[in-house]
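To start, the structure itself, in structure tokens.
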Amino acid sequence: MPGRPYLTIDLATVRSNVAELRGALPAAEIRYAVKANPAEPVLRLLASLGCAFDVASVGEVDLCVAAGIDGALMTFGNPLKKPAEIAYAFVRGVRRFTFDTAAGLAAIAENAPGSRVECRIAPTFPSSVTPFGHKFGCLPADAVGLLTDASRLGLRADGVAFHVGSQQLDPNAWEIGIRCARDIFDAVPGLATLNVGGGIPVAYDTRVPGVGVVGDAIADALGQYFPALPHVVIEPGRAVVGSAGTLSCEVVSVRTGTDGRRWVYLDIGRYGGLAETENEYIRYRLRTGRDGDPVDDAVVAGPTCDGDDVLYRQYPLPLTLRPGDPVEIDSAGAYTTSYSSSFNGFACLTTEFVEVTDAVTTG
Ligand SMILES: Cc1ncc(COP(=O)(O)O)c(C=O)c1O
């Protein structure tokens with residue numbers, strides 16, 4: 001058992017999450033977003049289940065290669081990449097890239113000749129819990145010209161991609177992207193792939209639309225706009241690994257702050273892996289051995305010397321909590337280890353892998 005804090009990933013839950021996604025959208029290819037949790041046992045399991053992989057960097061290309069994954073199964077989905085990074089991925093067999101600008105397209109043509117490309121569009125989606133804002137994607141109206149240019153540059157203009165924003169709580173969001181894609185498919189002959197991205201939410205401390213509800217919304221929109229189904233890709237990260245992870249940490253200190261409030265300090269915070277608590281975007285469920293005792297709101301903070309390392313300003317916790325008490329954080333399998341840093345010299349988050357109840361690996 002590693003010292004706290006550590007993450008436990010139940011590979012059986014990863015497997016059942018993939019089965020649930022397949023059940024909801026049987027015709028879709030699952031292209032796992034490696035950034036959510038790039039641990040080798042997770043990648044190997046997903047490869048064995050027939051998933052493809054969305055990589056965001058050459059580091060993620062290397063992690064996939066180390067897990068025995070062929071470059072042909074990878075898509076370099078981050079539109080932001082240096083020419084040398086494109087070339088690096090190309091040498092390792094990556095033949096599918098996403099772009100959202102003419103310059104990005106030209107860099108792919110030069111460094112990954114003949115590759116398939118998907119144009120990422122950014123229509124206005126309803127805001128998600130962790131939104132992308134205007135960071136990625138082109139105007140849908142610009143996609144036709146860019147994809148036409150792709151063919152002129154010797155690339156294979158293969159498809160349209162979008163991402164409705166991570167932890168998207170409005171299932172209707174996908175319809176917007178699919179509707180925009182229809183117009184582009186009509187204008188650019190030969191497009192084959194429609195990548196409807198990630199964004200499927202995880203139930204942290206509240207109920208969210210389930211995989212079935214989102215799957216139905218996507219299937220309905222596809223039925224409406226694509227009577228002849230293209231090659232549909234979903235690119236989930238959170239929905240594959242989020243619910244598979246439980247983070248075990250402990251209380252370091254409980255004190256009354258100079259603001260008169262109760263502060264509970266944990267041995268993990270914003271920099272140790274709970275980066276998604278920024279702006280309190282993701283509100284994890286914290287469980288303690290003292291649940292059931294009287295509760296009151298506390299400020300919950302991480303252990304580092306940074307003033308921003310505060311997770312929640314108001315979180316109900318048992319009044320009996322003491323230093324050394326274990327705390328479990330549910331649904332912490334996505335975007336935790338991949339964000340974890342050694343800031344202040346605290347060790348990066350380690351992971352224990354289990355298959356339902358049997359420990360199989362520690363890394
Ligand atoms: C290009 C791309 N695809 C897929 C994902 C996965 O999104 P999610 O974890 O919300 O499913 C992300 C997340 O940032 C992304 O940037």
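All ligand and atom numbering here is 1-based and tracks the order in the structure. In what follows, residues are counted from 1 in the order of the sequence shown.
- One finds the CG atom of Leu46 at 8.5 Å from the CD1 atom of Ile30 (value rounded to the nearest 0.5 Å).
- In terms of polar-atom proximity, Gly237 is counted as a contact of ligand 1, with an N or O under 3.5 Å from an N or O of the ligand.
- Ligand 1 has no nitrogen or oxygen under 3.5 angstrom from a nitrogen or oxygen of Phe132.
- Note on ring orientation: taking the six-membered ring where Trp is involved, the planes of Tyr339 and Tyr335 are tilted (angle from 30° to 60°).
- Under a cutoff of 6.0 Å and an axis angle of 45°, Arg283 and Tyr312 form a cation-pi pair.
- The option with the heavy atom closest to atom 7 (O) of ligand 1, from among Arg238, Glu235, His163, is His163.
- At a heavy-atom distance under 4.0 Å, atoms from both the backbone and the side chain of Ser166 approach ligand 1.
- Sorted by first and then second residue, the side-chain hydrogen bond (donor to acceptor under 3.5 Å, both in side chains) pairs with a member in residues 57-66 read Asp62-Tyr88; sequence neighbours excluded.
- Against a heavy-atom cut-off of under 4.0 Å, Gly198 is close to the following atoms of ligand 1: 7 (O), 11 (O).
- Using modelled atom types, one finds no donor on one side chain facing an acceptor on the other under 3.5 Å when comparing Gln167 with Ser128.
- At a 4.0 Å cut-off, at least one heavy atom of Gly199 sits close enough to ligand 1 to count as contact.
- Heavy-atom distances between Lys35 and ligand 1 reach below 4.0 Å in at least one pair.
- Atoms of ligand 1 lying under 4.0 Å from at least one heavy atom of Ala33, given by number and element, are 4 (C), 5 (C), 6 (C).
- Applying the side chain to side chain contact (heavy atoms under 4.5 Å, CB included) test between Arg4 and each of Asp267, Val327, Ile268 identifies Asp267 as the sole match.
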Worked verdict on Asp325 versus Arg322 for salt bridge (charged side-chain N to carboxylate O under 4.0 Å, His left out): CA-CA 6 Å; Asp325 281 356; Arg322 295 289 173 265; over 6 Å; no
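- Under a 4.0 angstrom heavy-atom cut-off, Tyr335 registers as being in contact with ligand 1.
- Under the 4.0 angstrom criterion for non-hydrogen atoms, Pro236 is in contact with ligand 1.
- At least one heavy atom of Arg120 sits closer than 4.0 Å to an atom of ligand 1.
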Sequence neighbours excluded and cut-off under 3.5 Å, please list the side-chain donor-acceptor pairs for residues 188-217, or say none.
| from | atom 1 | to | atom 2 | distance (Å) |
| --- | --- | --- | --- | --- |
| Thr193 | OG1 | Asp158 | OD2 | 2.5 |
| Thr193 | OG1 | His231 | ND1 | 3.4 |
| Asn195 | OD1 | Gly197 | N | 2.9 |
| Asn195 | ND2 | Glu118 | OE1 | 3.1 |
| Asn195 | ND2 | Glu235 | OE2 | 2.8 |
| Tyr204 | OH | Arg238 | NH1 | 2.8 |

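- Heavy atoms of Asn78 found under 4.0 angstrom from ligand 1: none, in either backbone or side chain.
- In the model, Asp54 has no side-chain atom that pairs as donor or acceptor with a side-chain atom of Thr75 under 3.5 Å.
- Neither the backbone nor the side chain of Arg31 has a heavy atom within less than 4.0 Å of ligand 1.
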